Amino acid sequence: MSEVDIQIVTSGGLRIPAHSAVLAAASAVLENILVRPGKRRSSERTIRILGVPCDAVSVFIRFLYSFKCTEEQMKRHGIHLLALSHVYLVPQLKQRCTKGLAERLTIENAVDVLQLARLCDAPDLYLKSMKFLSSNFKKVEETEGWKFLQHHDPWLELEILQFMDEAELRKKRTRRHKRELSLYLQLSEAMDCLEHICTEGCTSVGPLDKEPSIKRQPCSKFDTCQGLQLLIRHFATCKRRTKGGCLRCKRMWQILRLHASICDQPNDCQVPLCRQFKLKVQQKGDDELWKSLVRKVVSARAMSSLSLPKRKREEEPKMDLSHPQVMNFRLAA
């Protein structure tokens, strides 16, 4: 290489010899500084990089030559290198710093890294810092960095608190969605179990053209099969059913109604009352709440079949009879 033709001057007075061609090729900002005509020509050309430790500037200049940075250098000067990479537009170094600082987030530096990520336009690092701070807020709010932030940057403090509120709301929505999806999957399985009993017969309950065998082993396809059989037998013999005073019979009515709302072959269906419910819906229609339930059960059924196309039936989700939200659809024995 040609002889050095420029000096980098740091805050501590350290002078680092460099080649202007290398600096210009690595940084568009340094290139503009080098080609900018000076007010006064002199034999010695210098560029001042102030406000950061001398060692950090040395590491920065070495990176412009080799595009390499050791883990130890990143550990010691990561914050300063991120600031330099942003100011002098060195995207390779900025990417390394963003990744390195994200991996080294601690309770003590979380606030500082968050502030720097916002100033240096590093969205990935900003988001990771926010999540880390939110997850460890009780400990972070006891640090000096948080106390300094409260007094000098109330807008960032507000951003952090809003992020935490939104994160908690997202968690609640996710938990509620999972509970609802679990309920709809359970109801979908109850429909399959009902068709299984009314079509194939199982243990002690089955269609009229098939004689149930008391020697048959307990059903292995559905955890709810035995409970549903007991509910069907109760429904067939209950004397309070016609008066509407039996809760177990009401559950059975709702199971049959839900099946009829989902069934697409009412003329060939062997489930009791399927065609009658279909005719009733055609005459009077269903309320919007019930239509919404049917849509969600059908959707859950489709997602379940797509996500588990080749698994055995025993591996598919089972209906939990003790689920707190099954409500009137819980198939109690």
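Because the structure is a prediction, the values reported are computed rather than measured.
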Visitor: Are K291 and E288 ion-paired here, with the side-chain N under 4.0 Å from a carboxylate O?
Guide: yes
Visitor: Going from OH on Y126 to CZ on F163, what distance comes out if it is rounded to the nearest 0.5 angstrom?
Guide: 8.5 Å
Visitor: Mind checking what makes side-chain contact (heavy atoms from CB on, under 4.5 Å) contact with S299, not counting sequence neighbours?
Guide: M303
Visitor: According to salt bridge (charged side-chain N to carboxylate O under 4.0 Å, His left out), who are the partners of D287, at least two apart in sequence or on a separate chain?
Guide: R257
Visitor: Do S58 and D55 meet the criterion of a side-chain donor-acceptor pair at a distance under 3.5 Å?
Guide: no
Visitor: What distance separates C69 SG from M74 CE, expressed to the nearest 0.5 Å?
Guide: 4.0 Å
Visitor: Identify, with sequence neighbours excluded, every residue that meets salt bridge (charged side-chain N to carboxylate O under 4.0 Å, His left out) alongside R118.
Guide: D153, E159
Visitor: Nearest 0.5 Å, please: how far is OG1 in T46 from CD1 in I16?
Guide: 12.5 Å
Visitor: Would one find more than 12 heavy atoms of other residues, nucleotides or ligands at under 6.0 Å from atom NZ of K128?
Guide: no
Visitor: Is it the case that more than 12 heavy atoms not belonging to K99 sit under 6.0 Å from its NZ atom?
Guide: no
Visitor: As an exercise, state the distance from CG of L81 to CG of L101, rounded to the nearest 0.5 Å.
Guide: 8.5 Å
Visitor: State, yes or no, whether a side-chain contact exists between E72 and H77 at a heavy-atom distance under 4.5 Å.
Guide: no
Visitor: Rounded to the nearest 0.5 Å, what separation is found between the CZ atom of R48 and the OG1 atom of T10?
Guide: 10.0 Å
Visitor: Can you tell me if R233 has over 12 outside heavy atoms packed within less than 6.0 Å of its CZ?
Guide: no
Visitor: Run the side-chain hydrogen bond (donor to acceptor under 3.5 Å, both in side chains) test against R76 and tell me which residues pass, sequence neighbours left out.
Guide: none
Visitor: How long is the span from the NZ atom in K250 to the CD1 atom in I255, to the nearest 0.5 Å?
Guide: 15.5 Å
Visitor: Listed by chain and number, what are the ring-ring contact (aromatic ring centres under 6.0 Å, His included) partners of H177, not counting sequence neighbours?
Guide: none
Visitor: Parallel, tilted or perpendicular: which fits the ring planes of F60 and Y88, with parallel below 30° and perpendicular above 60°?
Guide: tilted
Visitor: Could you tell me whether Q95 atom CD has more than 12 heavy atoms of other residues or ligands within 6.0 Å of it?
Guide: no
Visitor: Can R173 and E180 be counted as an ion pair, charged N to O under 4.0 angstrom?
Guide: no
Visitor: Any sub-3.5 Å donor-acceptor pair from S27's side-chain atoms to L23's backbone N or O?
Guide: no
Visitor: Could you pull out all residues at least two apart from F67 that satisfy side-chain contact (heavy atoms from CB on, under 4.5 Å)?
Guide: A26, F63, Q92
Visitor: Taking atom types as modelled, is there a side-chain donor on D5 or S20 under 3.5 Å from an acceptor on the other?
Guide: yes
Visitor: Would you say the side chain of L89 lies within less than 4.5 Å of the side chain of L30, judging by non-hydrogen atoms?
Guide: no
